[in-house]
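Counting convention: from 1, in listed order, for ligands and their atoms alike. The analysis underlying the following values was restricted to heavy atoms, covering all of them including side chains, and did not include hydrogens, waters or symmetry mates.
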Amino acid sequence: MKLLEGKNVIITGASRGIGTGIAQVFAEHGANIAFTYSSSEAPALALEKELTAKGVKAKAYKSNAASFNESETLVANVLEEFGGIDVLINNAGITKDNLLMRMAEEDFDKVIEINLKSVFNMTKAVQRTMLKQRKGSIINMSSVVGVKGNAGQANYAASKAGMIGFTKSIALELGSRNIRCNAIAPGFIETEMTAKLDEKVVQGWREGIPLKRGGAPEDIANACLFFASDLSAYVTGQVLNVDGGMLT
Ligand code: NAP
């Protein structure tokens, strides 16, 4: 059964990793995909081609999620080219890890801008469309680190915890218009973001996860599918940990 037939979806940061996984699973379910990247043009164009070959409409947009103006322009372009927006997935994110003692001010600001301010930019940009149609689903990619904190990631954890507060507030503000807003808190997912980590540390994490493995982008995509589709029509303001039991 195709759960998103004909739905128009925006995914930020889908040129690789979790975003790519979401785009692939959503296209299998019949969704048209508008997705962004900031610098990885070649993989973004390859993904656009791959999705189009599945028989859906797909387009890659170069757009910095941290920029308010670029986000407004992006949404205007998507509306013109796709004719509507049913689902927004705020997925773009970066890390700039360091202990507080060594963390530069610009590394704090950059992570907050790209991970958290972007969610404000994009949600504000789509809200008018979703209000008018009295329907919409917004999904924010937080992290288990935003729920429990992590030494060496104060900037990242703060951005991801901020996303949870934002999610719950928007769920309260827009619920009466049938616009739902939920967050996903992935645990350890094997992508380029986590490939930079020390393999010994990673192996230690894997052993500590009740399901004894890191997650795949598809594991997160399937949770997004639930929040994007009518299967979750009565679910809003929630944070779903998709972490192999890590936080249990
Ligand atoms: P990734 O492999 O590093 O991919 C990040 C994506 O975001 C790329 O497509 C990148 O595009 C895009 N991006 C970065 N800065 C951007 C900007 N300013 N504007 C637009 N797009 C931008 O990361 P991932 O592992 O797939 O993670 C995706 C999301 O899940 C992130 O929010 C991350 O914090 C969250 N998450 C990941 C894990 C994990 O274990 N992997 C765990 C918890 C949460 P370019 O290549 O063009 O820059």
Side-chain angles (χ1 to χ4, degrees), residues 10-25 33-48 60-75 78 88-97 107 109-122 125 139-150 153 155-164 166-167 183-197 201-202 205-206 208-209 213-221 223-224 239-244 246-247:
I10 299 185
I11 309 169
T12 64
S15 48
R16 54 195 156 88
I18 291 172
T20 292
I22 299 168
Q24 289 166 331
V25 168
I33 317 280
F35 68 94
T36 69
Y37 63 97
S38 69
S39 60
S40 308
E41 186 174 37
L45 293 178
L47 179 65
E48 179 185 297
Y61 295 86
K62 181 173 164 63
S63 180
N64 177 9
S67 159
F68 185 81
N69 290 341
E70 284 186 36
S71 301
E72 292 262 301
T73 304
L74 166 75
V75 167
V78 172
L88 165 67
I89 304 185
N90 287 309
N91 170 74
I94 61 160
T95 52
K96 290 213 175 279
D97 299 350
D107 288 347
D109 289 346
K110 193 121 210 126
V111 167
I112 296 293
E113 268 175 31
I114 295 181
N115 295 7
L116 180 58
K117 167 90 184 321
S118 62
V119 179
F120 164 78
N121 295 340
M122 288 299 298
I139 303 163
N140 295 325
M141 204 56 68
S142 179
S143 167
V144 290
V145 166
V147 179
K148 74 178 246 308
N150 197 23
Q153 288 196 307
N155 51 358
Y156 183 77
S159 72
K160 295 297 178 181
M163 286 173 84
I164 293 174
F166 187 90
T167 299
I184 293 175
F188 172 64
I189 310 301
E190 313 231 6
T191 67
E192 271 180 48
M193 182 177 271
T194 46
K196 336 181 215 185
L197 299 166
V201 175
V202 167
W205 284 357
R206 284 196 196 100
I209 296 169
R213 66 170 177 91
E218 199 185 350
D219 293 314
I220 304 302
C224 286
V239 183
L240 178 61
N241 298 338
V242 183
D243 64 355
M246 200 186 242
L247 284 197

Q. So, do Arg16 and Thr191 sit near enough that their side-chain heavy atoms are less than 4.5 Å apart?
A. no
At a 4.0 angstrom heavy-atom cut-off, ligand 1 is contacted by Gly13, Ala14, Ser15, Arg16, Gly17, Ile18, Tyr37, Ser38, Ser39, Ser40, Ser63, Asn64, Ala65, Asn91, Ala92, Gly93, Ile94, Ile114, Met141, Ser142, Ser143, Tyr156, Lys160, Pro186, Gly187, Phe188, Ile189, Thr191, Glu192, Met193, Thr194
Sequence neighbours excluded, the answer for ring-ring contact (aromatic ring centres under 6.0 Å, His included) partners of Tyr61 is none
In this structure, OG1 of Thr12 is separated from CE of Met141 (nearest 0.5 Å) by 8.5 Å
- Query: Does the side chain of Ile139 come within less than 4.5 Å of Ile184's, by heavy atoms?
  - Reply: yes
Strictly below 4.0 Å, N to O, side chains only: are Asp219 and Arg213 in salt-bridge contact? yes
Is Met246 close to Asn241 at the side-chain level, that is, under 4.5 Å between some pair of heavy atoms? no
